[in-house]
Amino acid sequence: MKPTHKLLFVLCSIMVVVFIYYSSLKLHFTFWRHKTHVHKKPSVTLTVTNPKAVIITNAKVTTELDLDAASKGRPGDSEELEQQSTLDRKFSTTSAQQDNKLGGGACMRGHAATKIAAIFPKFTKPMPMFLDRNFRQYKEIRNYLPPFGVRSQEKIVDAILTATKKYDLSPELQSLSCTKCVIVGNGGILANKSLGLRIDAYDIVVRLNKAPVKGYTRDVGTKTTMRITYPEGAFNKTEQYEKNSLFVFSAFKPQDFKWLRQMIYGEKLRSTEGYWKSVPNSLPKKPSELRILNPYFFQESAFKLIGLPLNNGLMGKGNIPTLGTVAITMALHNCDEVDVAGFGYDLSTPQAPLHYYESVKMSAIKESWTHNISKEKEFLRKLVKADVITDLTKGI
Ligand SMILES: *[C@@H]1O[C@H](CO)[C@@H](O)[C@H](O)[C@H]1NC(C)=O
Ligand SMILES: *[C@@H]1O[C@H](CO)[C@@H](O)[C@H](O)[C@H]1NC(C)=O
Ligand SMILES: *[C@@H]1O[C@H](CO)[C@@H](O)[C@H](O)[C@H]1NC(C)=O
């Protein structure tokens, strides 16, 4: 053998060894990632232990997946999942078992959007959760007053966004390839169902207003990704807000935006007139933890989904959706799967608790001037029936 050939031979061997080593490391890493996020992108080779076999299987599978994706014209995790289940049933079962115990099945990409488009053909998915510096460019919200848009409040919104400087979820959540969200309503139906662990298994846990976590974790979980709140529903003590959770502001009335600006800039609240109950005079959250819910979701849920009267786009009798339904609408645009818990008033059981955290009874519910509870319930039932959302507490 010539020396150059010898050298080449040695180099090749080294490269092969390095490749095997590198691949096994990478697999180890994917396995680790998989363990922390059970439903995330599955790796096809998890249970194979021999590195050589791993490389071969991996290469083969990748090719199959590429072909599969190409033939269908789109890359997709669901295809990967199907492939995976036939190739590695052992892992699939363990994963499925784990998932069923916690969040219920592997994450189905695009599930909610596909299902809702089947019953509302005009539904188009892209719509950011929160307002950002380009908010004036969204024609949908430009021409409507709150709660359906930002008209007349642009300057205040600008001032708020200047202070918050952030307009997104955490990079960690944004990078998920498939996102499961749960909207936790405040209904008494959540009590004593021990759903806490199941709720905590979602990527995004949305809570509303003053629904407490402390003291109720067995039933409602501990995780709070965001709390969607209007001024009258806001906590005013630091310890009432979960750490690392976002305060997502939703404005019902024009003056609500002003309230948030006052809280951020430490301005004195001059008058509490116009609020339907007392509002906090300070907000114990850092500006970087504040977001403004995109008012588009009010507009869409009211006029396009529930079918409430347009009233020239103004707030009027029975045309304001409840915050819970607005939150579901937001999630339909921004999550792959949307589940709900603690939704639904059962007026046939007047002695049942209205909320999971207080002793007020169902019978205390009043006919609302602003909301149309029955029409909204009809809409939510439609979503459950069409498998757009899953109702964990079956109250809808
Ligand atoms: C939940 O269980 C507690 C303790 O057993 C009980 O006091 C409470 O009334 C129950 N709540 C509901 C809504 O069933
Ligand atoms: C918080 O609000 C309650 C009533 O809503 C009020 O009694 C209390 O003084 C407020 N506390 C602070 C720190 O603002
Ligand atoms: C709710 O909607 C129904 C059907 O459109 C209507 O008959 C009813 O008056 C509405 N209720 C309220 C409170 O607006």
Side-chain angles (χ1 to χ4, degrees), residues 119-120 122 144-148 182-200 205 207-222 230 232-233 250 252-253 276-277 295 297-329 339-386 391-396:
I119 50 171
F120 292 97
K122 282 187 189 150
Y144 285 84
L145 292 168
F148 307 115
V182 64
I183 317 297
V184 183
N186 302 354
I189 197 161
L190 255 178
N192 296 344
K193 293 224 163 56
S194 301
L195 280 173
L197 286 177
R198 189 146 176 212
I199 287 170
D200 282 344
V205 179
R207 300 186 195 274
L208 308 170
N209 287 324
K210 281 181 183 163
V213 166
K214 252 181 233 152
Y216 302 90
T217 55
R218 197 172 58 94
D219 291 328
V220 307
T222 56
Y230 45 78
E232 292 90 343
S250 63
F252 276 80
K253 319 175 272 327
W276 49 269
K277 65 182 191 190
F297 304 121
F298 275 91
Q299 190 185 123
E300 183 185 48
S301 56
F303 308 137
K304 294 189 185 166
L305 301 177
I306 309 171
L308 299 174
L310 181 61
N311 190 35
N312 287 322
L314 300 174
M315 188 199 279
K317 185 178 179 302
N319 81 345
I320 312 291
T322 62
L323 195 55
T325 298
V326 174
I328 292 175
T329 307
D339 292 356
V340 304
F343 272 76
Y345 300 117
D346 183 3
L347 298 174
S348 67
T349 55
Q351 292 308 303
L354 182 61
H355 295 135
Y356 69 80
Y357 49 86
E358 51 185 27
S359 55
V360 177
K361 299 216 175 2
M362 196 70 75
S363 50
I365 196 168
K366 294 184 205 84
E367 190 53 51
S368 170
W369 182 81
T370 44
H371 305 307
N372 191 329
I373 301 293
S374 61
K375 218 159 152 63
E376 216 170 281
K377 190 159 186 160
E378 209 176 282
F379 163 68
L380 294 178
R381 282 203 171 134
K382 205 166 159 180
L383 292 188
V384 172
K385 201 160 161 247
D391 179 13
L392 301 182
T393 41
K394 308 222 177 323
I396 289 176

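Numbers for residues simply follow the sequence, beginning at 1. Whatever order the structure lists them in is the order used to number ligands and atoms, beginning at 1.
Residue-ligand proximity, Gly318 to ligand 3, at heavy-atom distances under 4.0 Å covers atoms 14 (O). Residue Ala191 has at least one heavy-atom neighbour below 4.0 Å for each of these atoms of ligand 1: 13 (C).
Between Tyr357 and His355, the angle of the ring planes stays under 30°, which puts this pair in the parallel group of the 30/60° scheme. Ring geometry for Trp276 against Tyr230 counts as tilted: the plane angle lies between 30° and 60°, on a 0 to 90° scale.
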Query raised in the report: Would Ser250 and Phe298 satisfy side-chain contact (heavy atoms from CB on, under 4.5 Å), going step by step from the backbone distance to the final call?
Result: CA-CA 9 Å; Ser250 63; Phe298 275 91; 4.1 Å; yes
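Protein heavy atom closest to atom 4 (C) of ligand 1, with residue, atom name and distance, is Asn192 ND2, 4.6 Å. The protein non-hydrogen atom at the shortest distance from atom 13 (C) of ligand 1 is Pro353 CG, 3.4 Å. The protein non-hydrogen atom at the shortest distance from atom 1 (C) of ligand 3 is Asn372 ND2, 1.4 Å.
Per-atom contact check: atom 7 (O) of ligand 1 does not touch the protein, criterion being a heavy-atom distance below 4.0 Å. Within the 4.0 angstrom cut-off, atom 11 (N) of ligand 3 has one or more protein heavy-atom neighbours.
A donor-acceptor contact shorter than 3.5 Å links the side chain of Lys377 to the backbone of Tyr345.
The option from Glu378, Glu376, Lys317, Lys375 that lies nearest to atom 5 (O) of ligand 3, judged by heavy atoms, is Lys375.
Of the listed residues (Gln299, Glu376, Glu300, Lys122), just one forms a side-chain contact (heavy atoms from CB on, under 4.5 Å) with Leu305, and that residue is Glu300.
Side-chain polar atoms of Asn372 and Ser374 form a donor-acceptor pair below 3.5 angstrom.
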